[in-house]
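Remember, it's 1-based here, ligands and their atoms both numbered in the order they're listed.
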Amino acid sequence: MTHRYSRIVGTGSVLPPRIVTNEQLVAELGSRGIDTSDQWIVERTGIRQRHLADEGVTSSRLAAEAGRRALAAAQLGPTDLDLIIVATSTPDFVFPSTACLVQKELGAPGGAAFDVQAVCTGFVYAFAVADSMIRGGLAHRALVVGAEVFSRILDWNDRGTCVLFGDGAGAVVLAGADQPGVLAAKLHADGRHESILRTAGNVCHGEITGHPYLTMDGQAVFKLAVSVLDSVARETLDAAGLSIEAVDWMIPHQANVRILNATARRLGIPMSKVIVTVDEHANTSAASIPLALDRAVRDGRIRAGQHVLMEGVGGGFTWGAALVRF
Ligand code: UT7
C-alpha cells in the first residue's frame with residue numbers, strides 16, 4: 001500500500017561520552033603554541049564544549065546506536081525497516097556506504113540502504129528523500145540518520161576551524177501514514193560556492209591526494225548561511241500554506257549561536273522557540289539537527305500536534321528545510 005504521507009514515529013541520538021570543554025581544548029592547543037581562548041570561542045560561536053569520539057569509534061557505530069534508540073522509541077524492530085539512509089561527510093569507508101554498515105550492525109537485511117552527502121544539510125536532504133520514497137511507494141518505514149566523526153577531518157593546528165566541531169549521531173524513524181507528518185520540504189544547492197567549505201582530499205593510487213582536512217572561509221559561510229536559512233524557511237512555510245506564527249519550534253543546523261540568533265530575528269521567531277544545542281554539542285554537521293530534535297522530543301518540549309521547522313545549511317554549498325507536524 002502506498003501512503004499519502006510520512007510521519008516521524010521515533011527519534012534517537014547518541015553522543016560520545018568524552019566531553020572536551022573549551023578550557024580543556026584551549027589548554028591543549030596552548031601547549032602546542034596555538035593561541036585561542038574560551039572567551040573568543042563563546043563570544044564568536046556560543047560553543048562551550050564538544051563531545052569527541054575515541055579512536056576506533058566510527059560514524060556507522062554511532063549511527064547504529066542512534067538508530068537503535070529511535071527504533072525503541074518507535075516500538076519497532078530493525079526488521080520493520082525497508083530503508084536506511086545515512087547522511088554523513090565522515091563515512092567509515094570510500095565504500096560500502098555507511099548505511100550498509102548500519103544495516104548489518106542492526107541486523108536488518110533486505111531493504112534499501114545508501115548514504116547522502118550534503119554535508120551539514122545532509123540530514124534534511126536524507127529526510128526529504130525518505131519522505132519522497134515513502135510517498136512514492138518505494139519504502140514504508142525508513143531509518144534516517146545523521147552521523148559524524150568530524151574530529152577526524154579537523155586540522156588541530158587551525159584554530160579557525162578545530163574549535164568549532166564535535167562528534168555524534170541522531171536518527172528518526174519515518175513511517176507511512178494517512179495524515180501528515182511531513183508537510184513540506186525544500187532542498188537547494190549552489191555549487192559555485194563549493195570552495196568556501198570543504199575537505200578537498202581523496203585516496204588515489206594508494207595515496208591521499210589533495211588536502212585531508214576541513215578548510216573554511218568562515219565569514220563567507222556565515223553570510224550565506226543567514227540569508228538562505230531565512231529564505232528557505234519562508235519558502236517551506238509557503239509550500240505548506242502556513243505562516244511563521246504557526247511554527248512551534250525551529251531547529252536550525254547548530255553551527256553558531258550568532259547564526260541562530262540572526263535567523264530567528266530575520267524571521268521574527270522568538271529565541272524561546274529555537275532549539276539550541278550548539279553550546280553543548282558544537283557543530284556536528286549532519287548530526288546536529290537530529291541530535292537537537294531528539295533532545296527536545298525527550299525533554300518534552302516538542303509535543304504531539306506541534307509544527308517543527310528543521311533547517312540545514314552547509315558545504316556544497318547546500319541548504320534546505322523540512323516542516324513537520326508531530
Ligand atoms: O556547518 C557549516 C556551516 N558553518 C558555519 O556556519 C560557520 C560559519 N562561520 C562562523 O561561524 C564564523 O565565521 C567563525 C566562528 C568561523 C569565525 O567568526 P568570525 O567572527 O567570522 O571571525 P573571523 O574569521 O573574522 O576572525 C576574526 C579574528 C581573526 O583575527 P584577526 O585577523 O582579526 O587578527 C582570526 O584570526 O579571530 C581570529 N580567530 C581566532 N582567535 C582566537 C579565528 N579563530 C580563532 C580562535 N581563537 N579559535
Are any of the N/O atoms in H253 less than 3.5 Å from those in ligand 1?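 In this structure, H253 places an N or O atom under 3.5 Å from an N or O of ligand 1.
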Between ligand 1 and M216, is the shortest N or O to N or O distance under 3.5 Å? no
How does [X] reach ligand 1, by side chain, by backbone, by both or by neither, if only non-hydrogen atoms under 4.0 Å count?
X    : answer
T36  : both
F222 : both
I259 : side chain
L197 : side chain
C120 : side chain

For [atom], find the nearest protein heavy atom and state the residue, atom name and distance (0.1 Å precision).
atom                    : value
atom 1 (O) of ligand 1  : N283 ND2, 2.6 Å
atom 9 (N) of ligand 1  : G218 O, 3.0 Å
atom 22 (O) of ligand 1 : R44 NH1, 3.3 Å
atom 37 (O) of ligand 1 : W40 NE1, 3.1 Å
atom 18 (O) of ligand 1 : R258 NH2, 3.5 Å
atom 29 (C) of ligand 1 : R159 NH2, 4.8 Å
atom 3 (C) of ligand 1  : V221 CG1, 3.6 Å

Heavy-atom proximity to atom 10 (C) of ligand 1, best of N256, V278, V226: N256
What I want to check is whether the side chains of [X] and [Y] have a donor and an acceptor closer together than 3.5 Å.
X    : Y    : answer
S243 : E245 : yes
S60  : D92  : yes
H253 : N283 : yes

Check the hydrophobic clustering (I, L, V, M, F, W, Y; side-chain heavy atoms under 4.5 Å; chains of links allowed) and say if [X] and [Y] are grouped together.
X    : Y    : answer
I269 : L237 : yes
F114 : V86  : no
L267 : V308 : no

Is any heavy atom of the protein nearer than 4.0 Å to [atom]?
atom                    : result
atom 7 (C) of ligand 1  : yes
atom 33 (O) of ligand 1 : no
atom 13 (O) of ligand 1 : yes

Taking only heavy atoms of [X] into account, list the atoms of ligand 1 that are under 4.0 Å away from them.
X    : answer
G160 : 44 (N)
T45  : 15 (C)
Q219 : 13 (O), 21 (O), 23 (P), 25 (O)

Please determine which of Q306, Q179, H307 meets the side chain to side chain donor-acceptor pair (under 3.5 Å) test together with R325.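 Output: one option passes, namely H307.
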Testing T45, D38, T36 one by one against N22 for a side chain to side chain donor-acceptor pair (under 3.5 Å), which residue passes? D38
More than 12 heavy atoms from other groups under 6.0 Å of CZ on R192: no
For F222, does the CZ atom have more than 12 heavy-atom neighbours from other residues, nucleotides or ligands under 6.0 Å away?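 It does: F222 CZ has more than 12 such atoms within range.
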Hey, could you give me the CG/CZ distance between L174 and R7, rounded to the nearest 0.5 Å?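 Answer rounded to 0.5 Å: 10.0 Å.
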Contact between S285 and ligand 1, counting heavy atoms under 4.0 Å? no
Are D238 and R234 within salt-bridge range, i.e. N to O under 4.0 Å? no
Sub-4.5 Å side-chain heavy-atom contact between E280 and H51: no
